[in-house]
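Everything below concerns the one structure shown next.
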Amino acid sequence: MTIFIAEVIVDVAAYPVDRSFDYLVPEEMVSLIELGSRVKVQFGPRNVLGFVVALKQDTEVPLEKIKPISQLLDIEPVLTSEMLQLAKWLKHETICYEIDALQVMLPSALRAKYEKIITLQTDIENLPDALKPFFSQSSKVNYKEFEKNNLLHTLKMALKEKVVVLENVVKQKGQVKEVRKVQINDELEKLIALSKGISNRAKKQKVLIEWMMQHVGETLEPDTLYHETNTSPQVLQAVIELGAAKFVHEEVYRDPFSKEVGKTNFLNLTDEQSLALQKITSSMRDKRTETFLLHGITGSGKTEVYLQAIAKCLEDGKEAIVLVPEISLTPQMTERFRSRFGELVAVMHSGLSVGEKYDEWRKVHQGKVKVVVGARSAIFAPFENVGIIILDEEHESTYKQEDNPRYHARDVAIWRGKYHNCPVVLGSATPSLESYARAKKNVYSLLTLKERAMKQALPTVQIVDLREELKKGNRSMFSQELIESIESRINKKEQTVLFLNRRGYSSFVLCRDCGTVLQCQNCDISLTYHRSNEKCKCHYCGYEEFVPKFCPQCQSEHIRFFGTGTQKVEEELYKLFPHARVLRMDVDTTKTKGSHEQILEAFGEGKADILLGTQMIAKGLDYPNITLVGVLSADTSLHLPDFRSAEKTFQLLTQVSGRAGRHEKKGEVVIQTYTPEHYAIELSKAQHYEPFYEREMLMRHLAGYPPYYYLALVQISHEDVMMAAEYAQKCVEWLRSNLSFNVSIIGPTAAGISRLQNRYRYQCLIKYKIEPDLIPTLMQLIKLYRSQWIKNGILLSIDLDPTMI
DNA sequence: AGCACGCCGACT
DNA sequence: GTCGGCGTGCTC
């Protein structure tokens, strides 16, 4: 007799169980179970969720050890075999648990929710008195109830006496949303017979059934029925009991799109655009695994190239994945896709609820849509016949996931491109140095758009030296030039966007007598003052407190708020331009769902003269009346202790400048800075990417950073400083003796934020060019950590290819 | 990870 | 003599 065995990866993220376990497939499941199915299994003493990663007919494991699968959770498997392979690759590439790699590909609604349930075993009278009231309603009670009421001790006794038992149940988080509809009986004769049999007193029932006779077999919403026939639920209920119709439950998708969009057509392409499109489509036609870098200046119409390439892909009967950075996933952006491809588009981003995300995912899974537009995780869209993958704004750091698995969407995109033999298009006005270097070495194919699509001139950029302003005695944050420019816009009824680089610019709370700055209790970072609720908040761990009346150090009452947050700039703007209408966009004003869109929409409709904001306004803003962009301080991001700070600054400035004058009216940009001579600022003036690239590459070469060297970052943290330092040292020594001399190891050094959530953090950086043994060696380090160091309270994480240091 | 098993000190 | 501390080891 043949037996069927499934290899299962269980939902337990731990080092010793990071492998598959064999389970017996019960007979009734044999024809249903598939690779990628979710199953419920007993694992040791508990019930857990697992994924079937292989099916086979024999096993090395002694049969008496093997348990059967207890339940199959999906009729259709949730993961394709492509995903299973991808998970193995991710596990190796990012050094994570296989289960984490699998879970990251699915919407969180499909993750398991574990609950402990206590079941009564005997008569309620045999229970200790304290427990009795809990079981008066039902014999099953959630463990949490006892936890809440401090009865765990009594419960433990009861468990020991076996008057109750504890079981772990696995539940699914997400729910398929259903609506109740009425399905009218499809036999006309039956309806006629019923209508004849109805007593003359039941007039409404008669009306309803007669109406149904006109709509035999249809399924419709109860409300339509009531409306059409002027009846009520009671009448319908009666008619249903007679057998004229029945209630059915229908699966529906939650609709995250609030408004309808019209249809738009293809725009005419410039020569450059057509050439780029043609290269991409011919690569699709030849099923080449080719990665393109589409380098097009702001306003050059990259999106139109994407749209037409996707149209071609759909014509070939294939699917398309489009990734955009989270912050630019605005309605303006998604509408462009929906207006072109209508119902064929699913949108995935973090603003959706768990249920909405699940629905969008199901549309893809069930083949109802052909195009996905989404943030990072949309790269795992479960399409089976991908024709093109597009990463817009390829240089964005949001494509890198900052917790496990620490994957980069670009790498996953290229992997999937290889799997499906389809092109991957990386698009940007300011490509990451890594990508541009690869394009230059012909690893990627470079496509260039040098002209703006509608031939608009680039905005004129003026760089203002704030040191000169200071000499002139202007100590405000607005230079004379900027003030004049804003004034002229207000007079001309044109709009201004003011950009504040928030990093290092948030307002802190300072004691004027002793100089103490309020610090977070858990992190080594100063608290940020929020005027809206008069509190100070830690942006890293969420800790908050009311602004103290007296300085905690010297008891002085001279406490003041210091620094330049968006709120402060707003106040100053009102002083300078009392009649200007200002919209502020920052973490405070965009807390509620949809407020982001509302603000942008209001601005687009001309309800304000000035839009003031942080990073989030740098992207996607495209309104014809914006003719001035002001950057209040360009250099705040320049002095961060990160080797990418110059690149980030250049990208940001170019991006922001690109917001001005995208339509008929000419744009102007004013950049204020204390270091106008810095190449990142100077070269962003004319959007000269190439010279910037050359210059920055030289710097990277000299300092030994990417793209010349690869990086790996190991972070060690502990509640005790000494322990953290000691183990960081241990770690470095271990790496030195296990890696070859081709590798340079820097550290240990204290991390940028040396204390976070009450843990002291150290890190060391590994720079290498070629080190084939790096991953195996790091895996050994992880093994050492997971098997020994972890017991002493050490936390260690490895980030291959870190984006921030 | 999370749970059982098992071996030693301080309590009714 | 028993309760409970947490070191060790296993999970198909």
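By convention in this document, chain letters (A, B, ...) are assigned in the order of the sequence lines, proteins followed by strands, and residues within each chain are numbered from 1. Being a predicted model, the structure only gives us computed values, none of them experimental.
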Checklist outcome for this item: For A:Glu34 and A:Pro77 the tightest heavy-atom approach is OE2-CD, 3.6 Å

Item to check | chain A footprint on DNA chain B, 5' to 3' - any atom under 4.0 Å from a heavy atom | outcome: B:dA1 to B:dC3

Exercise answer: donor-acceptor pairs, residues 794-802 of chain A side-chain atoms, under 3.5 Å, sequence neighbours excluded:
{"residue": "A:Asp799", "atom": "OD1", "partner": "A:Lys400", "partner atom": "NZ", "Å": "2.6"}
{"residue": "A:Asp799", "atom": "OD2", "partner": "A:Lys400", "partner atom": "NZ", "Å": "3.4"}
{"residue": "A:Asp799", "atom": "OD2", "partner": "A:Arg406", "partner atom": "NH1", "Å": "3.4"}

Between the protein and nucleotides 8-11 of chain C, list the N/O to N/O atom pairs that are separated by less than 3.5 angstrom.
{"residue": "C:dT11", "atom": "OP1", "partner": "A:Lys65", "partner atom": "NZ", "Å": "2.9"}
{"residue": "C:dT11", "atom": "O3'", "partner": "A:Gly44", "partner atom": "N", "Å": "3.1"}

Checklist outcome for this item: From CD1 of A:Ile66 across to P of C:dC12 the rounded distance in Å is 10 Å

Checklist entry - To the nearest angstrom, how far is A:Ile3 atom CD1 from C:dC12 atom P? => result 16 Å

Item to check | NZ (A:Lys67) with more than 12 external heavy atoms under 6.0 Å | outcome: yes

Checklist entry - Does A:Arg19 count as lying over the ring of A:Phe21, i.e. NZ or CZ under 6.0 Å from the six-ring centre, within 45 degrees of the axis? => result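 Yes - A:Arg19 lies over the ring of A:Phe21, closer than 6.0 Å to its centre and within 45° of its axis.
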
Which atom pairs, donor and acceptor, lie under 3.5 Å between side-chain atoms of residues 720-727 of chain A and protein residues at least two apart or in another chain?
{"residue": "A:Asp720", "atom": "OD2", "partner": "A:Met722", "partner atom": "N", "Å": "3.1"}
{"residue": "A:Asp720", "atom": "OD2", "partner": "A:Met723", "partner atom": "N", "Å": "3.0"}
{"residue": "A:Tyr727", "atom": "OH", "partner": "A:Asn792", "partner atom": "ND2", "Å": "2.7"}

Next on the checklist: Tell me every residue that passes ring-ring contact (aromatic ring centres under 6.0 Å, His included) with A:Tyr407, counting only those two or more places apart in sequence or in another chain.
Outcome noted: A:Phe380

Checklist entry - Do A:Lys363 and A:Glu360 meet the salt-bridge criterion of a basic N to acidic O distance under 4.0 Å? => result yes

Checklist entry - Which pairs count as side-chain hydrogen bond (donor to acceptor under 3.5 Å, both in side chains) when at least one residue sits in residues 770-785 of chain A, sequence neighbours excluded? => result A:Ser740-A:Glu771

